[in-house]
Protein chains: 2
Amino acid sequence: MARRTERASPGRRGPLDLGILPGLLGYRMRRAQLALYQDFLAACEPFTLRQTQFAVLEILERNPGAAPSAVSSALGIKRTNFVPLFDELARRGLAERRADPSDRRARGLFLTKAGAALVARARAAILGHEARLAARLGADDAETLRALLERAEAATQMNES
Amino acid sequence: MARRTERASPGRRGPLDLGILPGLLGYRMRRAQLALYQDFLAACEPFTLRQTQFAVLEILERNPGAAPSAVSSALGIKRTNFVPLFDELARRGLAERRADPSDRRARGLFLTKAGAALVARARAAILGHEARLAARLGADDAETLRALLERAEAATQMNES
DNA sequence: TATTGTTATACTCTATAACTATA
DNA sequence: TATAGTTATAGAGTATAACAATA
């Protein structure tokens, strides 16, 4: 055990005063997002999937043959950064690119059988994780939070006309 | 103008089906956080400060002489990553490390005059930005969102006993 | 032995510019 | 001339291991 020694002028004891930070939506959002993301990672650990990787698989399940640019823009990822992300899924045999006969520049993205099987299991785990979180918050509050997050995203100046 | 050509089997038209994503708190949180962060960056652009840099200055204003490890842990940053972050603030003459006479391993962190002046201006800009966001959401809903984010962070399994 | 600050390093995420092959 | 996909590259953010000085 290290003894707590008194300290001279530099360095107060006890928890720090965070000033205006705890009242800021941006600060609260960052903290909550980090905490939830850690949670999500833990839930997905058996599948070795991160948020974005799951999102790509989920979208391909619903939209077989979707174009890389469509998927990346739907997720708010630059198409240039989507390439290595998808490469990794392809390398793991979860998804694949196919040539588009009608436009030889384009590609269609598809899940493999293994990808479809994995996304089904991951989806179940994620829904379970969400259900546990909602139970802790209370179902009504969880839905309120979800709706407010959607409105906050839309209310951003970024989304101004 | 590029003509919209019909496409064969790979590639549906129209917006993609996002599956379960829009209903997930984790997904909504990530989208909202990104949007708010872009907003925040725009508000702080005149000061060339990112969220974390502002947070450090704000904390030092309230806690002069705080230890690097105290500040970094309060912000959820590893102390090892705090070093280059603070180096940059020091390089810009906004904050400085001072020796601690009572423990020669330790350092106390302080704002410089320039740092104090900058954080005051940045704080005003950030509070203005928050006020505009709150006005768009409605004051009550903004406070509800803030409180729910705090509860969501606490409700995380990460924070389990 | 443990703690404070630090260095070195690697991996992920993000951002910009530019290339290719088509259209 | 514009578009789809891609390459190369650089900047942040984050993670682990290990070190020196000090307690």
Side-chain angles (χ1 to χ4, degrees), chain A residues 1-8 10-11 30-31 33-35 37-38 40-41 44-45 48-53 55-56 65-73 75-90 95-109 158, chain B residues 1-8 10-11 30-31 33-35 37-38 40-41 44 48-56 65-73 75-90 95-109 158:
Chain A
M1 286 286 182
R3 274 231 299 142
R4 259 285 151 246
T5 50
E6 282 306 311
R7 198 185 271 222
R30 189 177 79 101
R31 307 269 315 184
Q33 205 266 326
L34 251 63
Y37 186 51
Q38 287 311 113
F40 180 97
L41 277 184
C44 281
E45 203 209 308
T48 325
L49 286 176
R50 280 162 307 209
Q51 251 178 356
T52 313
Q53 292 175 314
V56 170
S69 52
V71 176
S72 57
S73 95
L75 292 176
I77 298 168
K78 303 225 174 263
R79 71 194 196 288
T80 188
N81 294 325
F82 183 77
V83 177
L85 166 59
F86 191 85
D87 281 346
E88 170 68 9
L89 296 175
E96 61 187 14
R97 299 171 169 97
R98 295 188 200 157
D100 182 334
S102 70
D103 182 342
R104 293 176 53 201
R105 296 171 303 182
R107 308 253 180 261
L109 304 182
M158 198 181 79
Chain B
M1 287 281 184
R3 274 231 301 143
R4 259 283 151 247
T5 50
E6 282 306 308
R7 199 186 270 223
R30 188 176 80 100
R31 307 270 313 185
Q33 205 266 327
L34 252 63
Y37 186 50
Q38 287 309 114
F40 180 97
L41 277 184
C44 282
T48 325
L49 286 177
R50 279 162 309 215
Q51 250 178 355
T52 313
Q53 292 175 314
F54 169 75
V56 170
S69 52
V71 177
S72 56
S73 95
L75 292 176
I77 298 168
K78 306 231 172 254
R79 71 194 195 290
T80 189
N81 293 326
F82 183 77
V83 177
L85 167 58
F86 191 85
D87 281 347
E88 170 68 8
L89 296 175
E96 61 187 13
R97 299 171 169 98
R98 294 188 201 158
D100 182 334
S102 69
D103 182 343
R104 293 176 52 202
R105 295 171 303 183
R107 308 253 182 260
L109 304 182
M158 200 181 78

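Given the structure is predicted, the values throughout are model-derived calculations rather than measurements. So that the names make sense, note that chain A is the first sequence line, chain B the second, and so on, each numbered from 1.
- With D:dT14, D:dG5, C:dA21 as the choices, the nucleotide that has an atom nearest any side-chain atom of A:Arg105 turns out to be C:dA21.
- Rounded to an integer number of Å, the gap from OH of A:Tyr37 to P of D:dT14 is 12 Å.
- For A:Ser69, whose side chain is taken as the heavy atoms from C-beta onward, the closest listed nucleotide among D:dG5, C:dA23, D:dT6 is D:dG5.
- Rounded to whole angstrom, the span from the CG atom of A:Leu34 across to the C1' atom of D:dT14 amounts to 10 Å.
- C:dT14 atom P lies 11 Å from atom CG of A:Leu75, rounded to whole Å.
- The distance from the CD atom of A:Gln51 to the CG atom of A:Leu75 is 10.5 Å, given to the nearest 0.5 Å.
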Nucleotide N/O to protein N/O under 3.5 Å, stretch nucleotides 7-11 of chain C:
{"from": "C:dT7", "atom 1": "O4", "to": "B:Thr80", "atom 2": "OG1", "distance (Å)": "2.3"}
{"from": "C:dA8", "atom 1": "N6", "to": "B:Thr80", "atom 2": "OG1", "distance (Å)": "3.4"}

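- Residue B:Arg107 has its side chain nearest to C:dG5 when only C:dA23, C:dG5, D:dT6 are considered.
- Summarising the geometry of B:Arg50 relative to B:Phe40, their closest heavy-atom pair is C-CE2, 3.9 Å, with the distance given to 0.1 Å.
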Identify all side-chain donor-acceptor contacts of residues 65-72 of chain A below 3.5 Å with residues at least two apart in sequence or on another chain.
{"from": "A:Ser72", "atom 1": "OG", "to": "A:Pro68", "atom 2": "O", "distance (Å)": "3.0"}
{"from": "A:Ser72", "atom 1": "OG", "to": "A:Ser69", "atom 2": "O", "distance (Å)": "3.2"}

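- Between the C1' atom of D:dG5 and the CZ atom of A:Arg98 lies a distance of 18 Å, rounded to the nearest Å.
- Side-chain proximity of A:Ala106 to D:dA4, C:dG5, C:dA15: nearest is D:dA4.
- Between A:Asp100 atom CG and D:dT6 atom P the separation is 13 Å, expressed in whole Å.
- Across every non-hydrogen atom of A:Thr52 and B:Arg30, the tightest pair is OG1-NH1, 4.0 Å.
- Taking for each of A:Arg104 and A:Ile77 the nucleotide of DNA chain C with the nearest heavy atom, the 5'-most of the two is the partner of A:Ile77.
- Spacing between atom CG of A:Leu85 and atom P of D:dG5 amounts to 14 Å, rounded to whole angstrom units.
- As a whole-Å value, the separation of B:Gln33 CD from D:dG13 C1' is 12 Å.
- Atom-to-atom, NZ of B:Lys78 to C1' of D:dA12 comes out at 17 Å; the value is rounded to the nearest Å.
- The distance from atom OH of A:Tyr37 to atom CD of B:Gln33, rounded to the nearest 0.5 Å, is 12.5 Å.
- Taking OG1 of A:Thr48 as the reference point, atom CD of A:Gln53 lies at 8.5 Å (rounded to 0.5 Å).
- The line from CD1 of B:Ile77 to CZ of B:Phe82 is 7.0 Å long, rounded to the nearest 0.5 Å.
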